[in-house]
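Please read the structure below before turning to the comments.
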Amino acid sequence: MNETEEQASCDDDSMGDLTQNGNATKKKKCSISPPWPEAISRGLKETRLQQFLQQMSMSALAETTCSVCNVRTAVNKSKKIPVSKILNAHLLEVSDELKDLIISNQSSTAQNSSDINIHTAEHDQSSSPLNSPYFYCKNRIILYANENIAQLPEDDVPEFLISTIEERIGDEEIPSERVGYIPDPLVDPMESASSDTIPINNRGVLDVNGSTVSSDEITNYVLRKIKNDGRKDETDSENVYLVPHSSKPVNEYFNPKLLAGLYPTLFCYGHGSPEDQSRPVEINLREHIRYLLSYNDRCFERNHSFIFVVFNLLQRRDACFHAQLIVTKPYFRATAHEIQSLNSKDIEMALDHISKRTYSSEPNSALKKLLNHIKTIGGRVMGSAYSRAALRTRIHALIFNQGLPSIFLTLNPVDIHSPVALYFAGVNVDLDNIRIEQLMTTYKRAETIASHPVATAKFFHLLITNILDTMIVGGVLGPVKAYFGTVENQGRGSLHLHLLIWLDHDMKPVDMKENIRNTDFREKLKAYLEDITKEDLDQFKDEYVFENFDVANTWSTPP
C-alpha cells in the first residue's frame, strides 16, 4: 500500500490560503521566511502534545454502531433521532416473509427466556412498535438495537433453533427416518462395503476458509499425487480436499454471484454482494467493499481471504481502466502496429531481464515502447512496483520546486502494543483509563491485531494523521513548508511511514556551507538539532513501569 501526502505551510496568519487538490494540500508560500535555525519553545511543544492526546482520547475515538447500515462510526459524528424523523424511511421496509421470520424466531426465543418481552398478538393489526431488546419493529421497518450475531453462542446451537426441535422418545420411529431408495449402511456395514451401491450421506464443510490446511500440506499432497500417478494410496486418508475448477473463467464485472458464491458464509442469504444491478441506486465497487469491511460484527474483516480477493479485483480494474484510456490516445495508435510485430521470444526475453534485473545489449524499439506503456499503466495501480517509481517522480518534482528536503524520518507504530488498535479491533478498552488486565498477553494481542487488518490500518491512518496535524504541521520540528510521505509494510504486514520534510527557509546547501563558518549560526544550529533530536528512555527507567513482563516492554507512565 502506497500513499503520498504533500503539505505546504507557513505562519498561522495565512492558514486561510489552503487549497485542497486530491491527496495533496498546498498553501501559498510566505513572503518572509521566519528565522532559522531557532530552538522550539517549550510552550509550543506542550500545546501540540495536549492537542495530540486530545485527538487520541476516548472522547475523540469512541465508536458506536449505526442502527440503519450496521457499520461502526464515531460517536461524535452520530446522533440519536426518532425513527419517524429518518429520511426515506420507506427504504428500510422489509418483506412480510422476513418480518414474520424475525418475529417468529424472537418469539421462540422469548418462550425460553424470561427476560425477553415480545408482544406479537396485536402487532399485525396495529402500528405499535414491537417490544424487543434486540430490535425495533414498527409496520415493516426493522432496526436492530444490538447486533444479533453477537448474541449467538460461539459453540452451540442458537436458542431459537433449539426451540423448534421436537424431541420424540421411541426406537420404533428410527427405521422410518432411514427408509430410502438405497440400503441403510448402518444395518450391515460389511455388506455395504462389498456392494456396488454408494450410500448418500449428509456431509458438512467445517473449514470453509481452508485455514487449517497449510499451503505446504497442499503442495506435498499434490506432489505425492503426481508421483503416484493418481493411484489410491495413503493420500486418500489425508485431510486435504481440492476444489475442482471450471475450464472457463468467471466474469468478474457486474456479477453479483461471484463473491456470493465464493463466500456463502459472508453472504448467507445470497444477497448483498457488490454490483447487483437490481439495486435502484448504483454503488461503486470500492465504496461497497469499504462498507462491508466496516461491518460491526467484523465478519468480512476477519475472513482469511476476502480482503485479498477484493484487493486483487480492484487492482485489475485499475489496470484495465487505465489501459483502456491509453489505447484511445493518438500516441498509442502511432506505435500499435510496431508493438504488434513483437513475438513470444521478445516477450520471454523481456520477462527474463525484468526478473533478473538485467538489461539487454540489443536495442528493441518496439519492446521499449511496450514496456513504457506498461510502466505508465502500472504507475496508477495501487501496490504495484511501477506505482513506487511514480512516487519517486513526484519526489523529484517536489525537490525541483522546493529544493532539497531538510529532514528524513520514519514513523513505525507498534500496533500490537497499542490500546487504540485493540479498541478498533473490538477489545473492550477504556482509552482514558487503561487497566493491565484489559491489555492481555503479547501473544494474544498479536493474534487479535493479525486477525483484524482493517482495525490495524485504521489505527495507523489515525495515528499518522494526528502526528502530521499536531506535530509536523504544528511546528514541533520548526516551520514546515512541505512534506512527502510513503507508506510501506514490514514482513509481518504492519505499516510504517517514510517522511521527507522541507523546513520553511530558503537556505541552499551552498548557503549552509557558508553560514556554518559563523560561530553564532553554528551554535544556533547545534542547539536546534539537539532540541529536536532526543532519546527520552532514560528518565522513565525507574518510574512507574508495569511489573507484567509482557507490558513492561511497551507501556510506562511518566510523572
Side-chain angles (χ1 to χ4, degrees), residues 1-4 210 213-227 242-243 245-250 252 304-327 329 331-397 410 412 453 457 484-498:
M1 181 174 65
N2 293 281
E3 293 181 0
T4 58
V213 181
S214 66
S215 58
D216 291 338
E217 290 177 313
I218 296 177
T219 302
N220 293 334
Y221 173 85
V222 174
L223 291 176
R224 283 196 295 270
K225 276 289 189 182
I226 296 175
K227 180 179 179 180
L242 302 181
V243 179
H245 297 276
S246 172
S247 59
K248 297 181 180 179
V250 178
E252 64 182 53
H304 293 276
S305 61
F306 177 80
I307 195 170
F308 297 100
V309 170
V310 295
F311 179 72
N312 188 255
L313 286 176
L314 293 175
Q315 279 187 314
R316 292 205 298 271
R317 295 281 179 97
D318 288 342
C320 293
F321 173 74
H322 292 290
Q324 183 182 13
L325 291 180
I326 283 184
V327 297
K329 302 298 181 181
Y331 63 83
F332 181 83
R333 298 174 185 174
T335 60
H337 185 269
E338 189 176 359
I339 292 176
Q340 284 182 337
S341 64
L342 294 172
N343 53 42
S344 59
K345 292 184 179 180
D346 296 329
I347 304 299
E348 290 177 2
M349 179 183 65
L351 294 176
D352 182 65
H353 288 310
I354 292 174
S355 62
K356 295 180 180 179
R357 297 185 178 181
T358 58
Y359 297 93
S360 175
S361 58
E362 299 180 1
N364 189 329
S365 61
L367 185 59
K368 183 178 180 180
K369 292 177 181 179
L370 175 61
L371 293 177
N372 287 336
H373 289 314
I374 294 176
K375 182 178 180 180
T376 303
I377 298 172
R380 292 168 173 80
V381 178
M382 55 181 177
S384 66
Y386 290 115
S387 65
R388 291 190 289 272
L391 293 179
R392 288 194 292 269
T393 302
R394 297 181 63 180
I395 293 176
H396 293 159
T410 298
N412 188 15
F484 190 99
T486 60
V487 179
E488 296 179 355
N489 63 288
Q490 300 178 112
R492 65 181 181 88
S494 60
L495 305 175
H496 62 274
L497 177 76
H498 297 298

In the structure I gave you, are the side-chain heavy atoms of [X] and [Y] within less than 4.5 Å of one another anywhere?
| X | Y | answer |
| --- | --- | --- |
| Ile374 | Ile377 | no |
| Leu371 | Lys375 | no |
| Tyr331 | Ile326 | yes |
| Arg380 | Phe321 | no |

Search all heavy atoms of [X] against all heavy atoms of [Y] and return the closest pair with its distance.
| X | Y | result |
| --- | --- | --- |
| Val327 | Gln324 | CG2-O, 3.1 Å |
| Ala457 | Leu495 | CA-CD1, 4.4 Å |
| Leu391 | Phe484 | O-CZ, 3.9 Å |
| Met382 | Gln315 | O-NE2, 2.9 Å |
| Leu342 | Leu367 | CD2-N, 3.8 Å |
| Ser384 | Gly378 | OG-O, 2.5 Å |

If you round to the nearest 0.5 Å, how far is [atom2] of [Y] from [atom1] of [X]?
| X | Y | atom1 | atom2 | answer |
| --- | --- | --- | --- | --- |
| Arg388 | Thr393 | CZ | OG1 | 13.5 Å |
| Ser344 | Met349 | OG | CE | 11.5 Å |
| Glu338 | Asn364 | CD | CG | 8.0 Å |
| Leu370 | Phe332 | CG | CZ | 8.0 Å |
| Ser365 | Asn372 | OG | CG | 11.0 Å |

Donor-acceptor contact below 3.5 Å, side chain Asp352 vs main chain Glu348: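 Here the side-chain-to-backbone pair does not exist.
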Donor on one side chain, acceptor on other, His496 and Gln490, under 3.5 Å: no
